[in-house]
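In this chain, numbering begins with 1 at the start of the sequence shown.
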Amino acid sequence: RTGSVPFHRPVNRRALPRYYEVISNPIDLQGIRDKNIKYEYRTADSFLNEYRTADSFLKDFDLMRNNAIKFNGIGSLLGNEANAIYDFVKGLIDENRKDLTAMEEAVQDQLNGRKKKPKKQKEETSRPKADPAQNVVLDGVEVNIGDVDFGLGGDSDSD
C-alpha cells in the first residue's frame with residue numbers, strides 16, 4: 001500500500017516532536033516486524049499469555065491505528081490509512097484462523113517440551129519399500145521421502 005509509508009518507521013522526533021507528547025506508546029510497522037522477528041507474538045489475537053501481557057500482533061496494529069487517529073484525527077488521511085491497514089491485517093487473520101490456531105498450538109507445544117506424535121500412514125502395496133537413507137527427520141518427525149508424492153506425475157523429462 002503506497003499510503004502506508006508514514007507507518008513504516010517510527011515518527012521522526014525532530015520533525016514532529018509534539019507527536020511524542022501526545023502519543024505515549026508509539027508503534028510502527030518496523031516495530032511490529034522487529035517484535036515478530038524476536039518471537040514476541042505468541043498468538044495472532046489479543047490474548048494474555050505468560051510471556052507478554054496483552055502484547056500481541058493484532059493488538060499492536062490496533063494501537064498503531066488508535067495512535068494515528070488520536071494524533072491526526074478521525075477521517076484524516078493517516079487515520080483512514082491506519083484503519084485500512086488494521087482491517088487488512090484483521091481480515092487476513094480471520095481468513096486464516098484455522099491454520100493460525102494450529103500453528104499457535106504447535107508453537108505452544110514446543111515451548112512446553114511436547115512433541116506432536118506423527119500419525120501412522122497406511123502403507124501402499126503398489127509402492128516399493130523406500131530405502132532407509134531416504135528418511136528425513138523434520139521437527140522430530142521422521143518422514144520417508146520415498147513415500148512423498150510431489151504431484152509431478154510418474155513421467156519424467158530426464159533421460
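- At least one side-chain heavy atom of Leu29 sits under 4.5 Å from a side-chain heavy atom of Met64.
- Other residues, nucleotides and ligands contribute over 12 non-hydrogen atoms within 6.0 Å of the CG atom of Leu92.
- With sequence neighbours excluded, no residue satisfies ring pair (Phe, Tyr, Trp, His ring centres under 6.0 Å) with Phe88.
- Remark: side-chain polar atoms of Tyr20 are not paired, donor with acceptor, to backbone N or O of Asn25 under 3.5 angstrom.
- A salt bridge between Asp62 and Arg65 is present, with a side-chain N of the basic residue lying under 4.0 Å from a carboxylate O of the acidic one.
- In the hydrophobic clustering, where aliphatic and aromatic side chains (Ile, Leu, Val, Met, Phe, Trp, Tyr) are joined below 4.5 Å either directly or transitively, Ile69 groups with Ile74.
- Here the closest heavy-atom approach between residue Tyr86 and residue Leu58 is recorded as CE1-CD1, 3.7 Å.
- Residue Met103 holds its CE atom at 7.5 Å from CG of Asn96, rounded to the nearest 0.5 Å.
- At least one side-chain heavy atom of Lys35 sits under 4.5 Å from a side-chain heavy atom of Asp60.
- Contact annotation: the side chain of Ser4 approaches that of Glu81 to within less than 4.5 Å [non-hydrogen atoms, C-beta and beyond].
- Between Lys38 and Asp34, no side-chain nitrogen of the basic residue sits less than 4.0 Å from a carboxylate oxygen of the acidic one, so the salt-bridge criterion is not met.
- Residues Asn67 and Ile27 meet the side-chain proximity criterion, which asks for heavy atoms closer than 4.5 Å.
- Put simply, the side chain of Ile93 reaches to within 4.5 Å of the side chain of Phe57, judged on heavy atoms.
- Atom CZ of Arg33 sits in a crowded spot, with more than 12 heavy atoms from other residues, nucleotides or ligands closer than 6.0 Å.
- One distance of note links CD1 of Ile23 with CZ of Arg18; it measures 9.0 Å at 0.5 Å rounding.
- In this structure, Leu63 CG and Ile32 CD1 are separated by 8.0 Å, a value rounded to the nearest 0.5 Å.
- Linking ILVMFWY residues whenever their side-chain heavy atoms come closer than 4.5 Å, directly or via other members, leaves Phe7 and Leu77 in distinct clusters.
- Taking the centre of each ring, Phe71 and Tyr19 come in below the 6.0 Å mark.
- When the side chain to side chain contact (heavy atoms under 4.5 Å, CB included) test is applied to Arg14, the partners found at least two apart in sequence or on another chain are Asn12.
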